[in-house]
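One structure is given here, and the rest of the page talks about it.
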Amino acid sequence: MKLDALDLKILAAIQREGRITKLALAEKVGLSPTPCWVRLKKLETAGIVTGYTARLDLRLVAKVTTVMVEVTLGHHRQGDFERFERAVRDSPAVVACWAVGGGVDYILKVAAPDVDAYQRLMDGWLEREIGIARYFTYIVTRTVKEAVDPPVEALAPTV
């Protein structure tokens, strides 16, 4: 789907304000409500808009320890990657995982109640032998900046 400037304005607006009303969205992008809503539905149908969520400050709800983990697998066959990635997808504590090039295979972001819970996760994976050769743990001591996605304006500056 080719996006024009109006599509990008819609994406930028809903990215900043996911609960925006149809009328307010139309006003922000300079369209009447019906054409604006039709465009938004097309963006959703195309899979560009993948969902709507609420951002929570979980520190106000429960204890949270955030851990960044570098993982290197022992072998690099397709089945090895699939087994590890399945374990990652099945773990609610893993909130993000990236396959990366360079000296390691994956970087994970883990949210756990404490360091012991994180270590139990890793010990369980090692016991299950999902292919981890080594891993390095980095405890997050302070969040300086965290965004779910980069703003569309940063990647598509015609907005």
Side-chain angles (χ1 to χ4, degrees), residues 1 3-22 24-29 36 39-73 81-126 128 130-159:
M1 175 176 185
L3 303 179
D4 64 17
L6 288 172
D7 294 323
L8 294 173
K9 283 183 180 182
I10 291 169
L11 292 174
I14 63 169
Q15 191 177 37
R16 281 190 306 272
E17 204 176 337
R19 293 180 63 180
I20 193 168
T21 67
K22 288 189 243 183
L25 178 60
E27 288 172 0
K28 280 190 186 273
V29 301
C36 184
R39 281 176 175 262
L40 178 57
K41 288 300 171 194
K42 283 182 182 177
L43 293 167
E44 291 172 349
T45 301
I48 295 169
V49 177
T50 59
Y52 299 88
T53 62
R55 302 237 10 220
L56 308 176
D57 187 344
L58 290 177
R59 296 168 301 165
L60 299 176
V61 177
K63 258 179 58 176
V64 179
T65 299
T66 303
V67 183
M68 303 302 285
V69 189
E70 293 178 351
V71 174
T72 302
L73 301 183
F81 295 117
E82 289 170 1
R83 182 175 54 247
F84 177 77
E85 290 173 13
R86 187 171 34 258
V88 165
R89 282 191 301 274
D90 290 344
S91 175
V94 179
V95 296
C97 176
W98 301 273
V100 296
V104 298
D105 296 316
Y106 296 94
I107 297 176
L108 286 70
K109 180 179 178 183
V110 177
D114 52 40
V115 174
D116 290 336
Y118 159 73
Q119 193 58 56
R120 285 192 301 277
L121 170 70
M122 296 309 296
D123 290 345
W125 282 352
L126 294 172
R128 286 175 41 205
I130 63 168
I132 298 173
R134 70 175 189 265
Y135 68 96
F136 295 95
T137 300
Y138 304 93
I139 305 296
V140 174
T141 58
R142 182 169 55 99
T143 300
V144 176
K145 180 178 180 179
E146 182 174 56
V148 176
D149 291 312
V152 71
E153 298 98 329
L155 303 175
T158 60
V159 177

Given the rule in the side chain to side chain contact (heavy atoms under 4.5 Å, CB included) test, do Lys41 and Glu44 qualify, once you have shown the distances and angles that lead to the verdict? CA-CA 5 Å; Lys41 288 300 171 194; Glu44 291 172 349; 3.0 Å; yes
For the pair Val71 and Asp105, evaluate side chain to side chain contact (heavy atoms under 4.5 Å, CB included) and give the outcome as yes or no after the intermediate values. CA-CA 6 Å; Val71 174; Asp105 296 316; 5.8 Å; no
Let me see the working for Leu43 and Leu3 under side chain to side chain contact (heavy atoms under 4.5 Å, CB included), right down to the final yes or no. CA-CA 9 Å; Leu43 293 167; Leu3 303 179; 3.6 Å; yes
For Leu108 and Tyr135: C-alpha separation, side-chain torsions, deciding distance, then whether side chain to side chain contact (heavy atoms under 4.5 Å, CB included) applies. CA-CA 10 Å; Leu108 286 70; Tyr135 68 96; over 6 Å; no
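Partners of Ala46 according to the side-chain contact (heavy atoms from CB on, under 4.5 Å) rule, which considers only residues two or more places apart in sequence or in another chain, are Met1, Ile48. Residues forming a side-chain hydrogen bond (donor to acceptor under 3.5 Å, both in side chains) with Asp90 (at least two apart in sequence, or on another chain): none. For Arg83, the side-chain hydrogen bond (donor to acceptor under 3.5 Å, both in side chains) partners are Asp80, not counting sequence neighbours. For the side-chain hydrogen bond (donor to acceptor under 3.5 Å, both in side chains) test, no residue two or more places apart in sequence or in another chain qualifies with Arg55. Every residue meeting the salt bridge (charged side-chain N to carboxylate O under 4.0 Å, His left out) condition with Asp57, not counting sequence neighbours, appears here in chain and number order: Arg59. For Glu27, there are no side-chain hydrogen bond (donor to acceptor under 3.5 Å, both in side chains) partners at least two apart in sequence or on another chain.
Closest approach of Ala24 to Thr21, counting heavy atoms only: N-OG1, 3.0 Å. Nearest heavy-atom pair, Gln15 versus Val152, reported as atom, atom and distance to 0.1 Å: OE1-N, 2.8 Å. Closest heavy-atom contact between Leu73 and Ala133: C-CB, 3.7 Å. Contact between Ile10 and Val29 at its shortest, heavy atoms only, is N-CG1, 3.6 Å. Glu153 approaches Ala12 most closely through the heavy-atom pair OE2-CB, 3.5 Å. Heavy-atom minimum distance, Val64 versus Ala111: CG1-CB, 4.2 Å.
In this structure, the separation between CG on Asp4 and NZ on Lys9 is 10.0 Å, given to the nearest 0.5 Å. Atom CE in Met68 sits 10.5 Å away from atom OH in Tyr138 (nearest 0.5 Å). Distance CZ/Arg86 to CD1/Ile130: 10.0 Å, rounded to 0.5 Å. Leu40 CG to Asp7 CG: the interatomic distance, rounded to the nearest 0.5 Å, is 10.0 Å. Note that the CG atom of Leu121 and the CG atom of Asp116 stand 12.5 Å from one another [nearest 0.5 Å]. Taking CG of Leu25 as the start and CD1 of Ile14 as the end, the distance is 7.0 Å to the nearest 0.5 Å.
Ring geometry, Tyr106 versus Phe84: the interplanar angle falls from 30° to 60°, so the pair is classed tilted.
Thr143 places none of its side-chain heavy atoms less than 4.5 Å from the side chain of Thr66.
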